[in-house]
Visitor: 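Quick one: this structure, given as structure tokens, is what I'll be asking you about.
Note that this is a predicted model, so its numbers are computed, not measured.
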Amino acid sequence: MQIVLYGVAVSAFVAKVRAALDLKGLPHEEREPPDGYGSAAYRAIVPAGSVPGLVVDGAPLFGSNAILEFLEEAAPEPPLLPADPLGRALTRALAGYSDDRIEAAGRAMFPLVKRGWRADPEAAAQGAARLAEALARLEDICAAAPAGLAPGGRAGMAECALAPAIQMGLMLCVEVERPLTPPPRVARWMAAAGEDPAIARSLAIQRAAMDEWLARWRAPGGSCGRG
């Protein structure tokens with residue numbers, strides 16, 4: 001397969017797909033969308049205009065979870081999902097929770113940073129509280145899951161989704177001076193997930209991009225364009 005991953009490096013969804021590609025050992029090229037995502041030039045490649053976009057042998061795919069499901073079917077080994085049905089369902093549920101609760105909580109803080117969060121400290125506090133609540137519920141999920149947060153005992157779909165989403169949210173909370181400490185089970189899981197080379201590489205790329213993005217908005221009149 002010839003694979004091209006289109007995305008912006010701050011995106012937790014892009015980091016998710018990159019980690020999955022690396023976990024499966026699938027060679028790929030990574031490119032930024034021409035003229036930014038949503039542009040006419042990019043829509044000519046990936047009609048949805050969203051990131052991540054994956055072009056496989058010339059065919060465009062979009063939607064990070066759909067892409068991960070495709071990778072699991074097209075290259076079954078090593079697997080992103082456990083072998084047992086319950087474990088597979090739980091892993092998919094965790095990936096969905098990451099998107100709907102944790103990534104969403106972090107993404108909601110991007111506009112706050114861009115418009116100058118110090119002018120609206122209450123919104124900053126509310127944003128951090130939303131992420132804290134999502135992490136607290138994740139801690140409860142960890143405690144209730146038969147095999148803990150990572151069923152099957154190896155990095156897979158849940159780690160690909162959760163690790164960059166949590167990292168992004170925590171970095172944004174630090175930026176608005178509302179730092180969070182993840183609950184203990186989640187913190188232990190984050191440390192373990194970060195030891196996997198594929199997860200670690202994607203986290204490092206995202207972290208560097210986030211640092212650069214945040215620095216641009218700290219500067220007077222800062223702007224990071226379409227990124």
Visitor: Is there a chain of hydrophobic side chains (I, L, V, M, F, W, Y, each step under 4.5 Å between heavy atoms) that links Phe13 to Leu61?
Guide: no
Visitor: For Glu32, look at atom CD and say whether over 12 heavy atoms of other residues, nucleotides or ligands are found less than 6.0 Å away.
Guide: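 Atom CD in Glu32 is not packed in, count stays at 12 or less.
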Visitor: Side-chain contact, heavy-atom cut-off 4.5 Å: Cys173 with Pro179?
Guide: no
Visitor: To check you understand the geometry: which heavy-atom pair defines the closest contact between Trp189 and Ala163, and what is its length?
Guide: CH2-N, 3.5 Å
Visitor: Just wondering, do Glu72 and Pro79 contact through their side chains at under 4.5 Å, heavy atoms?
Guide: yes
Visitor: Does a side-chain heavy-atom distance below 4.5 Å link Ile166 with Leu138?
Guide: yes
Visitor: Drop me the distance from Glu175's CD to Met109's CE, to the nearest 0.5 angstrom.
Guide: 10.5 Å
Visitor: Suppose we screen for side chain to side chain donor-acceptor pair (under 3.5 Å). Which residues come up paired with Arg31, at least two apart in sequence or across chains?
Guide: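 Counting only residues at least two positions away or on another chain, Arg31 forms a side chain to side chain donor-acceptor pair (under 3.5 Å) with Tyr6, Glu29.
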Visitor: So do Ile102 and Tyr97 actually touch side chain to side chain, heavy atoms under 4.5 Å?
Guide: yes
Visitor: State which residues pass side chain to side chain donor-acceptor pair (under 3.5 Å) with Asn65; sequence neighbours excluded, sorted by chain then number.
Guide: Lys16, Asp99
Visitor: Is Phe70 atom CZ crowded by more than 12 heavy atoms from other residues, nucleotides or ligands, each under 6.0 Å away?
Guide: yes
Visitor: A side-chain contact here means heavy atoms from C-beta on lying under 4.5 Å apart; do Arg178 and Trp117 qualify?
Guide: yes
Visitor: Indicate yes or no: at least one non-hydrogen side-chain atom of Glu69 is less than 4.5 angstrom from one of Met157.
Guide: yes
Visitor: Does some side-chain heavy atom of Pro33 sit less than 4.5 Å from a side-chain heavy atom of Ser39?
Guide: no
Visitor: Could you tell me if the side chain of Cys160 sits less than 4.5 Å from the side chain of Ile199, heavy atoms only?
Guide: yes
